[in-house]
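What follows is a single structure, written as structure tokens, with notes after it.
Protein chains get the first letters and strands the later ones, always in sequence-line order, with residue 1 at the start of each.
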Amino acid sequence: MRLKKNIALSETGFVFDPNTGDSFSLNRIGLEIVEKLRHDKTDQEILNELLENYEIDKASLDKYYFDFVSTLQYYQLIDDTTGHREFL
Amino acid sequence: MEKLPFERPVINKLSAGMPGKFGMKTHISPVTHIDQVGVKELTGQYGSPLFVLSEKSLRQNFSEAKRAFETRYPKVQFAWSYKTNYLNAVCSVFHQEGAWAEVVSGFEYDKAIALGVEGKHIIFNGPDKSRDDLKKAVNNNSLIHIDHFDEMYTLTELAGESENKPKVAIRVNMDTGVYPVWDRFGFNYENGEAWDALNRIMMAGKLELVGLHAHIGTYMLSASAYGIAASKLAELAAQLEKKFGHVAGYIDVGGGFASKNTLKGAYYSGSDTAPGFDEYAEAIAAALVNSRIKPANMPLLILETGRALVDDAGYLLGTVIANKRLSDGRRATIIDAGVNILFTSFWYDHQVNPGQPVSEHTEETTIFGPLCMNIDVIKEAAVMPVLKKGDRVVISRVGAYNLTQWMQFITLRPKVVMIDPEGNVHLIRDSETLETLTSLEKLPGHLKQFRL
Ligand SMILES: Cc1ncc(COP(=O)(O)O)c(C=O)c1O
């Protein structure tokens, strides 16, 4: 799973997609995940890191994470060729 | 290392320019306390969902309304509209404040009597008063507001059977410039029917005509409509003076003042558009004072205000059951309170706030109730901070009509508590149990057994 290459991301969680002209805002954890995705981390790596740092159980985290990622897909911010469909 | 608190990750699309159906982004502040009592403690002790009424707000609203009218008109009397909220605790607060009872059915009439309201302080409205209801009301010297000629004839008959001369007013419907005109109730002003009814009452001499009544609608955003209604009733009173030398003791302009709720589809919020008590009072008092009624005969002004006194004293607390994403990508938040207990969600765009501290980040969502039905939408377009399962929400301004029109459906109706002015919480209606409902059922003998 990979973020589309030319997506602009600010430190405050502002996202701009030059492909569509759409802009978005992320909350802090959303931003953290998107940054990790941009660094080509795998879902497992990201989930492990979050689990370590946040007060949350694994089942809930999985649920929220994949829900979030499918929202990214819905907004077409994910490179569709990277084969992440197994999560949908 | 201490772990950080988790918030669900979210991404929201930003739209430039015109506000969408979710409106402009506003900061949604949490409602963590109601009259200093914690929302968490309330649901912890009494369960969720839970209706909460603030006695302090009830009394404040009442004294505001009373002050608005009493500073403009010499003789004012409120009568609490039972149908708006007839929980005994609520009625008693208003009775303690001096309000009479305004009822529209035999059931409500009996409820007021059982609560200790004297018959002479009960106004009996409505199109469906049975002969027995009327008989009781005549014997108790209640104020009977006649809705149609059939009722007038029944009362005339009853007058012969009772020691008391029935005390009556007629309900008048009229054009006040607000449409549609509620012409189903009472006698029409413009076509002369109301004047005709008054003449018949005066000529027959069997009934004691004590007042004139109108209720021009509910959630009326126009204060001037009340000015017109009061003028027309005053004109009838002036004609009675002139033709019969009869003084109608009171003019009752009914209820219908808007609360601060926002109607669905309205662009501006109700707290910006609804007139205050002062504006309604100004319009009504001016109309009476400027009427042709002789100064010595100025009638008592009766108000049957319901919604505007109780709506913002009521809260519904609920809990998030789940978050979902609908097939088109929209967010959905499912809470444990459905439209069956929040009837007013069909016409109000209720204010919903989180019940605990939240982050700045918001998302657009639709809030659904737990019923297995498509219509179960509590709020179509909500901009909410990120909520997760188990979080509490507080729905505001739900005190009017919900606790009288709520339906039992697939689950049991919840508890209702009242917070007194000292901050003590009182259970004023218990939740239903399976037994509450099954005790009303009868199972025929041949259906008592089955084998699967
Ligand atoms: C006769 C009468 N009086 C008073 C009321 C109370 O109206 P509201 O709650 O709009 O003030 C109603 C409600 O419909 C009514 O029918």
Side-chain angles (χ1 to χ4, degrees), chain A residues 1 3-4 7-10 12-17 19-38 41 43 46-78 87-88, chain B residues 1-20 22-30 319-334 354 356-368 382-392:
Chain A
M1 169 128 29
L3 209 63
K4 278 191 179 161
I7 301 267
L9 186 62
S10 84
T12 55
F14 180 78
V15 182
F16 180 70
D17 179 358
N19 309 308
T20 57
D22 288 339
S23 47
F24 305 86
S25 74
L26 291 160
N27 66 348
R28 205 167 47 79
I29 298 188
L31 175 63
E32 191 176 332
I33 294 174
V34 170
E35 275 173 342
K36 289 181 197 294
L37 285 171
R38 146 162 290 186
K41 295 201 173 167
D43 292 326
I46 297 174
L47 285 167
N48 288 341
E49 289 175 19
L50 293 173
L51 203 57
E52 221 158 87
N53 295 329
Y54 289 96
E55 220 176 275
I56 179 110
D57 64 284
K58 181 160 168 29
S60 313
L61 177 63
D62 279 7
K63 187 178 69 173
Y64 292 134
Y65 176 80
F66 290 116
D67 181 65
F68 175 70
V69 168
S70 53
T71 314
L72 296 181
Q73 274 171 341
Y74 170 73
Y75 287 135
Q76 300 179 356
L77 299 171
I78 295 283
F87 298 119
L88 281 184
Chain B
M1 195 188 79
E2 184 93 7
K3 290 195 175 189
L4 301 166
F6 182 84
E7 181 183 272
R8 194 157 57 72
V10 278
I11 179 164
N12 283 326
K13 190 166 177 177
L14 303 171
S15 38
M18 292 298 289
F22 291 90
M24 288 291 198
K25 284 274 180 320
T26 43
H27 179 64
I28 311 290
S29 46
T319 302
V320 175
I321 297 172
N323 279 292
K324 281 191 179 178
R325 222 161 41 85
L326 305 179
S327 59
D328 63 358
R330 281 181 302 138
R331 276 260 151 224
T333 305
I334 303 169
Q356 55 280 308
V358 288
S359 77
E360 286 288 310
H361 208 88
T362 55
E363 64 180 358
E364 296 171 356
T365 188
T366 301
I367 302 175
F368 292 99
V383 178
M384 291 294 280
V386 180
L387 295 173
K388 54 183 190 306
K389 181 174 159 62
D391 279 349
R392 283 161 296 274

List the steps, then state whether side-chain contact (heavy atoms from CB on, under 4.5 Å) holds for F68(A) with R8(B).
CA-CA 8 Å; F68(A) 175 70; R8(B) 194 157 57 72; over 6 Å; no

Looking only at non-hydrogen atoms, find the nearest pair between N27(A) and E7(B) and report the distance.
ND2-OE2, 2.5 Å

For E49(A), side chain to side chain donor-acceptor pair (under 3.5 Å) partners two or more places apart
K36(A), K41(A)

Hey, what's the ring geometry for Y64(A) with F6(B), parallel, tilted or perpendicular (30° and 60° as the breaks)?
parallel

Which bit of K324(B) comes within less than 4.5 Å of chain A, counting heavy atoms only: side chain, backbone, both or neither?
neither

Quick one, D67(A) with R331(B), criterion salt bridge (charged side-chain N to carboxylate O under 4.0 Å, His left out). Give me CA distance, side-chain angles, the key distance, then yes/no.
CA-CA 11 Å; D67(A) 181 65; R331(B) 276 260 151 224; 2.3 Å; yes

Of the non-hydrogen atoms in E55(A) and P5(B), which two are nearest, and what is the gap between them?
CB-CA, 4.4 Å

Spacing of K13(B) atom NZ and S25(A) atom OG [to the nearest 0.5 Å]
12.5 Å

Partners passing ring-ring contact (aromatic ring centres under 6.0 Å, His included) against F24(A) (at least two apart in sequence or in another chain):
Y75(A)

Give the minimum heavy-atom separation between I11(B) and L77(A), together with the two atoms involved.
CD1-CD1, 3.5 Å

When rounded to the nearest 0.5 angstrom, what is the spacing between CG in L4(B) and CD in E32(A)?
8.0 Å

Pair count under 4.5 Å, heavy atoms only, with chain B: among I33(A), L61(A), I29(A), highest is I29(A)

Exercise: identify the closest heavy-atom pair between L51(A) and K3(B)
O-NZ, 3.0 Å

